[in-house]
Amino acid sequence: MRHISELDFRNLYRSRTGAILGVCKGLAAFLDVPVYAVRLGVVVLTLFTGIWPMLAAYLIAGFVIKPEPVLAPDSEEERAFYDDYVASRKNALARVKRRFESLDRRVRRLEDHVTSREYDFDRRLHRP
C-alpha cells in the first residue's frame, strides 16, 4: 500500500471490468491493494453509515471518477488528451481540429514549395 503523499489522483480511474461501475476495482488498483479488501471496506462502511449514504457516495464516485483508458497512455501528452476528452469532448475536438489545421498548413506550404518554379529549377540544376 502506498503512502498518502505518494498518491497522484490523476491516475485514479474506474475499472472497465469491475462488477458494478468498476469503482472498487479501480480504487484497489489505485491504492495497490487487493480488490476484496476494498469491497469488504465498502460493505463495512455501508453497515455503519447506512445503506443510502453509502449508495449515494458510490454512485457519485461512479459518475465522477473517469473510466480507465482502453489503451494506457504512453506519454504525458496522451494522458492530457484523454483527460480533456473525458472532461469535455468539445474541448478535445477543438484540440484535434487545431492540430489538424496546423498540419494542413504545413502540408500546403510543402506543396507550394515543391510545385514552385524555383524548386523545379534547382532540381534540374543539381541533377546528376
Side-chain angles (χ1 to χ4, degrees):
M1 188 163 159
R2 298 186 292 186
H3 191 267
I4 192 76
S5 63
E6 298 173 352
L7 299 178
D8 182 12
F9 288 98
R10 293 181 301 166
N11 296 329
L12 176 60
Y13 298 111
R14 284 187 298 118
S15 174
R16 291 184 180 273
T17 60
I20 302 172
L21 295 177
V23 174
C24 291
K25 193 169 184 180
L27 194 58
F30 177 71
L31 296 173
D32 198 23
V33 296
V35 177
Y36 72 86
V38 174
R39 289 182 177 150
L40 181 65
V42 168
V43 169
V44 169
L45 280 172
T46 302
L47 293 175
F48 284 121
T49 62
I51 293 175
W52 295 115
M54 195 59 190
L55 181 65
Y58 191 88
L59 288 174
I60 289 170
F63 291 112
V64 170
I65 299 173
K66 298 176 285 204
E68 68 182 337
V70 176
L71 298 173
D74 291 333
S75 66
E76 196 60 37
E77 182 182 357
E78 285 182 10
R79 178 179 304 285
F81 177 77
Y82 180 74
D83 290 342
D84 282 350
Y85 177 75
V86 172
S88 171
R89 292 186 173 121
K90 189 181 219 181
N91 289 342
L93 182 61
R95 186 176 181 176
V96 169
K97 188 176 179 181
R98 284 192 308 271
R99 178 78 181 223
F100 174 77
E101 289 169 352
S102 170
L103 290 173
D104 187 49
R105 282 192 303 272
R106 290 177 65 187
V107 168
R108 286 175 192 248
R109 283 195 309 256
L110 181 64
E111 287 175 343
D112 289 343
H113 174 71
V114 171
T115 58
S116 69
R117 288 184 177 188
E118 292 84 19
Y119 179 81
D120 187 46
F121 179 75
D122 286 343
R123 189 177 55 89
R124 289 181 185 193
L125 184 66
H126 292 104
R127 189 182 299 174

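Heavy-atom neighbours of Leu47 CG from other residues, nucleotides or ligands within 6.0 Å: above the threshold of 12. Counting heavy-atom neighbours within 6.0 Å of Leu59 CG, excluding the residue itself, gives a total above 12.
Considering CD1 of Ile60 and CD1 of Ile65, their distance stands at 11.0 Å, rounded to 0.5 Å. Distance check: Leu27 CG to Asp32 CG gives 11.5 Å after rounding to the nearest 0.5 Å. The structure places CZ of Arg39 at 8.5 Å from CD1 of Ile20, a figure rounded to the nearest 0.5 Å.
Looking only at side-chain heavy atoms (C-beta outward), Thr46 and Tyr58 stay at 4.5 Å or farther from each other.
In terms of heavy-atom proximity, Val42 sits nearest to Cys24 at CG2-SG, 3.7 Å.
Between Arg108 and Asp104 a salt bridge is recorded (basic side-chain N to carboxylate O distance below 4.0 Å).
With hydrogens and angles disregarded, no donor-acceptor distance shorter than 3.5 Å links the side chain of Ser102 to the backbone of Arg98.
Checking Val43, Leu45, Val44 one by one against Met54, the side-chain contact (heavy atoms from CB on, under 4.5 Å) holds for a single residue, Leu45.
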